[in-house]
Structure formats: structure tokens, C-alpha cells
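These notes concern the structure reproduced below.
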Amino acid sequence: MDNMQRQVANVRQDLFKQGYLDDQFLQLELLQDDVTPNFVEEVVASFFRDSPRLLSTIEHALQKSPLDFDRLDRFMHQFKGSSSSIGALRLKSESSLFSEYCDECNVEGCFIKLDLLKLLLASSDANEDDEDHKNKRQTNNIHIIWSCIESSDVNALSDRIHGSWTIRVVEHH
């Protein structure tokens, strides 16, 4: 195992230890084989491509008056199911708390959890000022944590940002 593979293995292990991933991710990995070598990457990339849109829908629904907490909960249930299907334990847990706030009709709690979910989902450095560059990097490098974990040919650098691991993909030129 070379140094890069060790780094990726360590990041993967840390994601489990820190509660970001659960056993469902292991089940997802088992579905990957020689016929579908990029299965995990494709499923996770799809999740990260679709999730911001769903969270945006939830945010817009939170700004409507009167608030329809049942509708908000249905949107969050969809996000929670998607998170659960890829083994994203932390996102699933925070989604459950959002649903509890919906049950309590707690608007403030819903906004706080939504903001946290958006932060957890963000794939770019929060300190980056250039919005166009940030959006381009999010789009171009959406190979995401799991694709870096799964793909030994991707050069990745791990970075501690705000107490959680993010993976930056080094683009090949």
C-alpha cells in the first residue's frame, strides 16, 4: 500500500470514527464489482448533485407563510432517505432532528438544522471568496469523499476544515 492509499484509508477510517459514515456505506461498497467499478462514486456523486437542490427547496418552503410543517417534513424525509442510502450517518441524524423540529412546529430549530445540513454538505472551503471559482470547483471536483476513497488512481489531499474531513481532488493536467 503506497502513501496515498494509506492516507485515503485513514480518512475513510476517520469518517467512520467521527460518525459521518455507517454500515450502509459498507453495504454500498459491496455492490461495487468489476462490472460496475465506479458504482459507489456514481451513487454518491448523484446524491451530492441532487441534495443541494432539495435543501434549497426546503429553504424556500421554510420562507413561506403560513408554514406547512408536514410538507417540510416530507421534503426532509426524502433527504434523510437519500442520506441513509449512501451511509451518510451524520446527515441522516441531523435530518431526523429537523423532522423532530417539524413535529414541534419549531421554525428556529428547522432553520438551524437546515443551515447545519448545508454546511455538512458543502464541498468547498468556507473561506474561499471567489463564488465562481467555488462553484466551478464544486462542480468539477464532485468526485467527493467516497470516490477518493474508492479510486486508487485519484490523487487526493486530505484537509481538516472546521473539524471535519474534506477531500480535495487534484485535477490531472
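All residue numbers in this chain count up from 1 along the given sequence.
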message: Treating Gln24 as the side-chain partner and Ser84 as the backbone partner, does any N or O pair qualify as donor plus acceptor under 3.5 Å?
response: no
Cys102 side chain reached by Met76 side chain, heavy atoms, under 4.5 Å: no
- prompt: Under the side chain to side chain donor-acceptor pair (under 3.5 Å) rule, what pairs show up with a residue in residues 97-118, not counting sequence neighbours?
  reply: Glu59-Lys118, Asp73-Ser99, Glu94-Lys113
- request: Look at the side-chain heavy atoms of Ile, Leu, Val, Met, Phe, Trp and Tyr, link any pair under 4.5 Å apart, and say whether Phe75 and Ile112 land in one connected group.
  value: no
query: Is there a side-chain contact between Phe98 and Ile58, using heavy atoms and a 4.5 Å cut-off?
result: yes
field: Separation of Ser83 OG from Phe47 CZ (nearest 0.5 Å)
entry: 3.5 Å
- request: Measure the shortest side-chain to side-chain distance between Leu31 and Thr36 over non-hydrogen atoms and say whether it is less than 4.5 angstrom.
  value: no
Distance, nearest 0.5 Å, that separates NZ of Lys92 from CD1 of Ile86: 11.5 Å
- line: Value for CZ (Phe39) from CG (Leu28), rounded to nearest 0.5 Å, stands at 5.5 Å
- prompt: Closest heavy-atom contact between Gln32 and Asn38?
  reply: OE1-C, 3.8 Å
field: Any donor-acceptor N/O pair, Ser85 side chain to Ser82 backbone, under 3.5 Å
entry: yes
- prompt: Would you call Leu21 and Leu15 a side-chain contact if the rule is heavy atoms closer than 4.5 Å?
  reply: yes
message: Within the structure provided, determine whether Asp22 and Phe16 are in side-chain contact (heavy-atom separation under 4.5 Å).
response: no
- request: Starting at CG of Asp68, measure out to CG of Leu62 and round the result to the nearest 0.5 Å.
  value: 11.0 Å
- prompt: Roughly how far apart are Ser51 OG and Leu120 CG, rounded to 0.5 Å?
  reply: 12.0 Å
message: Can a donor-acceptor pair be found, under 3.5 Å and without considering hydrogens, that links the side chain of Ser95 to the backbone of Leu91?
response: yes
query: Does the side chain of Phe48 come within less than 4.5 Å of Val43's, by heavy atoms?
result: no
- prompt: Are any of the side-chain heavy atoms of Leu89 and Asp23 separated by less than 4.5 Å?
  reply: no
query: Would you say Leu97 and Leu72 are hydrophobically clustered, going by side-chain heavy atoms of ILVMFWY under 4.5 Å?
result: no
- prompt: Are the side chains of Val40 and Phe25 in touch, meaning some heavy atoms are under 4.5 Å apart?
  reply: yes
task: State the CZ-CZ distance between Arg71 and Arg74, to the nearest 0.5 angstrom.
output: 7.5 Å
